[in-house]
S.K.: 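Have a look at this one.
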There are 2 protein chains.
Amino acid sequence: MDRAIAVLDEYGLESLTMRRLATDLGVQPSALYHHVPNKQTLLTAVAEEILARGRRPRRAGEWDRRAVEVCHELRDAMLAYRDGAEVVVTAYSFGLGTVGPAGELREALRDGGLPDDLVGVGTRALLHLVFGHTVEEQTALQAASAGAIDWTPGGPADFERGLELVLDGLRSRVGG
Amino acid sequence: MDRAIAVLDEYGLESLTMRRLATDLGVQPSALYHHVPNKQTLLTAVAEEILARGRRPRRAGEWDRRAVEVCHELRDAMLAYRDGAEVVVTAYSFGLGTVGPAGELREALRDGGLPDDLVGVGTRALLHLVFGHTVEEQTALQAASAGAIDWTPGGPADFERGLELVLDGLRSRVGG
DNA sequence: ACCTGAACACCGTTCAAGT
DNA sequence: ACCTGAACACCGTTCAAGT
């Protein structure tokens, strides 16, 4: 797991192959299949580890500030490793909603007193915003640091303004 | 182009390889490189063709209803072909914003009289919502039709409720 | 201009065999 | 239990050579 994340962070997702990881570990590729059934499972484990390493204590009390906090933690966790956003988003799209923060977000919206169906709609909307923004941001950051692009993308400020758009929508529906 | 989309729709993105497309066309793989510099370019062209085939006339007059209309057109276009959402989202993440509907969305928000920076934030938020929802919906639909899953995901109703959340946020900021 | 044939440098995964 | 060695069935891409 440690070596997988190290290879990912140093050489990128396209270089995180079973063969390369095996070489890095000084082992034959086939040896990996005694610890993991296939590559997708390996990548899911990497995604979970990235999220676990990004975990922080909750501070906010209000449900909406807590939702923003979870979104920031998620973004920061993904940005902490090269191609982290892609890895997490792909893992999420496989095991729909299994990955950690979805549950915490859902809980926050529920605590806000929103009706059940809106909790679902709102949670997915926030997750999609975080994922979309962060993949775009990370791609642009990496392209910029490679000199392939001249502009820099919207950072935390733009990120939060996007979140506020849907939180406005949610707040106006509390108790509705 | 026609054969590429046909192969995609019949066998899925993972089967749309240069070698397979070549075989389908009765030609050697190397022959494709006289029409396209690499696979990514081919996939971008496929994405553009999928969007072009989904193009519909604009009906709505109001800027916010027009934005919803563009989002629906985008979703429908992607859902029309197997793995269409993945192909379009990937292409988008490479040539950031070059793909068609982003401009139309941007134009709609601008017509709404929103300040320039909010136009950018809002456009990206809507795009990310459409992409996130549609990839999730299509993945679940395909998993369900393969019998791999029992539930069905949120369709057009949930889709539109998500959009309305951010449109509420945007409307409340018109003239602000 | 467009294509073939052959090669290069890779993939993920399986499986008998070893210790 | 954990690993090796060897193979299977693929990839994207390049390039000299043909028409």
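Reminder, nothing fancy here: chain letters follow the sequence lines and each chain counts from 1.
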S.K.: Do the side-chain N or O atoms of B:Q28 get closer than 4.0 angstrom to the phosphate oxygens (OP1, OP2) of C:dG5?
M.R.: yes
S.K.: Go through C:dT4, D:dG12, D:dT4 for me and flag the one nearest to the B:Y33 side chain.
M.R.: D:dG12
S.K.: For DNA chain D, write out the stems as range with range, using runs of 3 or more consecutive Watson-Crick or G-U pairs with both distances under 3.5 Å.
M.R.: C:4-8 with D:12-16, C:12-16 with D:4-8
S.K.: Among the candidates C:dT14, D:dT4, D:dT13, find the nucleotide nearest to the side-chain atoms of B:K39.
M.R.: D:dT13
S.K.: Using a strict threshold of under 4.0 Å (side-chain N to carboxylate O), is an ion pair present between B:R58 and B:E73?
M.R.: yes
S.K.: If we take the C1' atom in both C:dC2 and D:dA17, what is their distance in whole Å?
M.R.: 13 Å
S.K.: Take atom CG of A:L21 and atom C1' of D:dC3, then tell me their distance rounded to the nearest Å.
M.R.: 15 Å
S.K.: With rounding to the nearest 0.5 Å, note down the distance linking CZ in B:R65 to CZ in B:R59.
M.R.: 11.0 Å
S.K.: Tell me: NE2 of B:H34 to C1' of D:dA17, nearest whole Å?
M.R.: 11 Å
S.K.: Any side-chain to backbone donor/acceptor pair from A:H128 onto A:R124? Under 3.5 Å, distance only.
M.R.: yes
S.K.: So, the side chain of A:Q138 versus the backbone of A:M78: is there a donor-acceptor pair under 3.5 Å, distance only?
M.R.: yes
S.K.: Using the C1' atom as the point on both nucleotides, what is the distance between D:dC11 and C:dC8, in whole Å?
M.R.: 12 Å
S.K.: Among B:L42, B:T41, B:V36, find the residue that satisfies the side-chain contact (heavy atoms from CB on, under 4.5 Å) test when tested with B:N38.
M.R.: B:T41
S.K.: Just jot down the salt bridge (charged side-chain N to carboxylate O under 4.0 Å, His left out) partners of A:R3, sequence neighbours excluded, or say none.
M.R.: A:D24
S.K.: Can you see which heavy atom on A:E164 is nearest to which on B:R173, and at what distance?
M.R.: CB-NH2, 4.0 Å
S.K.: Looking at C:dC3, I'd like to know if its phosphate oxygens (OP1 or OP2) sit under 4.0 Å from a side-chain N or O belonging to B:H35.
M.R.: yes
S.K.: Measuring from the side chain of A:S30 (C-beta onward, heavy atoms only), which nucleotide among C:dT14, C:dC3, C:dC11 has the closest atom?
M.R.: C:dT14
S.K.: Measure from CG on A:L25 to P on D:dT4 and round the result to the nearest Å.
M.R.: 10 Å
S.K.: In whole angstroms, how far is the P atom of C:dC11 from the CZ atom of B:R19?
M.R.: 15 Å
S.K.: Expressed as a whole number of angstroms, how long is the span from A:E14:CD to D:dC11:P?
M.R.: 19 Å
S.K.: How many Å lie between CG on B:L32 and P on D:dG12, as a whole number?
M.R.: 10 Å
S.K.: When the distance from CZ of A:R20 to P of C:dC11 is rounded to whole Å, what number comes out?
M.R.: 8 Å
S.K.: Could you check how far CG of A:N38 sits from P of C:dG12, rounded to whole Å?
M.R.: 11 Å
